[in-house]
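Bear in mind that the values here come from a model prediction, so they are computed numbers and not experimental data. Residue numbering restarts at 1 for every chain, and letters A, B, ... go by the order of the sequence lines.
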Protein chains: 2
Amino acid sequence: MERVARRAKAVSLADGEPLFQQGDKATRFYLVVKGHMKLFRLAPDGNEKVIELVDAGHTFAEALMFLEQPRFPVGAVALGDTELISVDAGDFAAILRDSVDLCLALLGDMSFRLRSLIREIDDLSLHSATCRVAAFILARAPEHRDDFELDIPKHVIASRTSVKPETFSRIIKSLKSKNILEIRGSKVRLLDRQALEDAADVCGLPVEAT
Amino acid sequence: MERVARRAKAVSLADGEPLFQQGDKATRFYLVVKGHMKLFRLAPDGNEKVIELVDAGHTFAEALMFLEQPRFPVGAVALGDTELISVDAGDFAAILRDSVDLCLALLGDMSFRLRSLIREIDDLSLHSATCRVAAFILARAPEHRDDFELDIPKHVIASRTSVKPETFSRIIKSLKSKNILEIRGSKVRLLDRQALEDAADVCGLPVEAT
DNA sequence: TATATCAATTGACATGAGTCAAAGCGCTTT
DNA sequence: AAAGCGCTTTGACTCATGTCAATTGATATA
């Protein structure tokens, strides 16, 4: 464990700075200390889809080290100034050999991610854009406060929820017009949390309005 | 290892018979010996999306046993008469404690699945229906033979590729009209593998025809 | 041979979300 | 304060896919 710590490196990235690209060889994984990382896939036509937004305190790319010839299936860039700790996969794998408990913990973590991805697929194929956006905002909202900040640019949220920025804007407008929430700049205020929750899972069927 | 084998159970399912439902408690996992299993998510409106088709020789649901309170995130029914081996998660977990190698193997397996799911999300959000269908057929085609059978009903393939049966039918029709493939009943013949591969990744942009 | 059943196909039509293009707004820079 | 530059919003229009409904086909049951 000390070996890992000793050989771990700190990395600082400025806003928008890339850490690695889709297809690069993966020999290290990362822990976000401060800021956010954006993990995304690129389509041949240049379109991009944000797969995950990793906040401080979370790791990413550690699942790759068990593959034959590990390559990043996504690209990664910093959102805002970001600090990371980078760990060598080989060092870490050596530790895993000595600790079944750590293995199990990792297994648990990966199970969790697997389930999240299944939910995402469910969302994409079974739910409307409005629904996904509503669910995303809800997931970002603090438990017991209706005012909070979206510390992430809207076009990134749009990509994360798989809608175009224009569509995202229209969905927000529609939620506003139903007095479900308010958004000014990056400040969000939930006016009717319940209605938002309904929109998030009833979904398809647009809520009756006016 | 013998303990697991001794306590494993054989299960036989008739075509269409369910093994478990989405939300059921997960205490066992499964290996398909013969036939196929369909894993799917249900939307509140009754719509279903096939998440995975598990063929003989593969396991499923083993990733769940590492979660706190494991519940199946999908439902499972047999496609065609199917035989399974059912293993108790607790028994298996006990073995894992004794074998780091087995842990690592599982980790590898889960990494692989994680990557597949990311590909799926990529497909859903960045590629057209035609593209997904083309890719699916290609993935099912044997390496060096252009004639083969789809041993799975078309509406299931449709759901797997996230299109409606009607749309699936139209996509096939269009591929036929371009002399890329032929489908009669469950028999497929690839006429132009290259063109199909192109359709699978160029994707969005429909191939110029006649 | 009829008949019920379920899957697959086809046509006509509806619609959610994307595209394109033009403002508008909020920054920082000069 | 003016100018410049991204991001966001708006409007008008298009298009891929879904929906609904009817028909055909294929297989099993009587």
NZ/NE/NH1/NH2 to OD/OE distance under 4.0 Å, [X] and [Y]:
X: B:K187; Y: B:E149; answer: yes
X: B:R132; Y: B:D123; answer: no
X: A:E120; Y: A:R113; answer: no
X: A:D55; Y: A:R140; answer: yes
X: A:D146; Y: A:R189; answer: no

For [X] and [N], what is the distance between atoms [atom1] and [atom2] respectively, to the nearest whole Å?
X: B:L124; N: D:dA16; atom1: CG; atom2: P; value: 18 Å
X: B:E182; N: C:dT9; atom1: CD; atom2: P; value: 14 Å
X: A:L126; N: D:dT17; atom1: CG; atom2: C1'; value: 15 Å
X: A:I171; N: C:dG16; atom1: CD1; atom2: C1'; value: 10 Å
X: A:K164; N: C:dA17; atom1: NZ; atom2: P; value: 13 Å

**Item:** Min side-chain heavy-atom separation A:M65-A:L96 under 4.5 Å
**Value:** yes
**Message:** Testing the 3.5 Å rule here: is there a donor-acceptor pair between the side chains of A:S12 and A:E83?
**Reply:** no
**Watson-Crick and G-U pairing of DNA chain C written in dot-bracket, each distance under 3.5 angstrom, with | for inter-strand partners** = ||||||||||||||||||||||||||||||
**Message:** Would you call the rings of A:F60 and A:F20 parallel, tilted or perpendicular, taking 30° and 60° as the class edges?
**Reply:** tilted
Check the interface with nucleotides 4-11 of chain D: list each N/O to N/O pair with the protein under 3.5 Å, or write none.
{"unit_1": "D:dT8", "atom_1": "OP1", "unit_2": "A:K154", "atom_2": "N", "d": "2.8"}
{"unit_1": "D:dT8", "atom_1": "OP2", "unit_2": "A:H155", "atom_2": "N", "d": "3.0"}
{"unit_1": "D:dT8", "atom_1": "OP2", "unit_2": "A:H155", "atom_2": "ND1", "d": "3.0"}
{"unit_1": "D:dT9", "atom_1": "OP1", "unit_2": "A:K154", "atom_2": "NZ", "d": "3.1"}
{"unit_1": "D:dT9", "atom_1": "OP2", "unit_2": "A:S169", "atom_2": "OG", "d": "3.3"}
{"unit_1": "D:dT9", "atom_1": "O5'", "unit_2": "A:S169", "atom_2": "OG", "d": "3.1"}
{"unit_1": "D:dG11", "atom_1": "N7", "unit_2": "A:R170", "atom_2": "NH2", "d": "2.6"}
{"unit_1": "D:dG11", "atom_1": "O6", "unit_2": "A:R170", "atom_2": "NH2", "d": "2.9"}

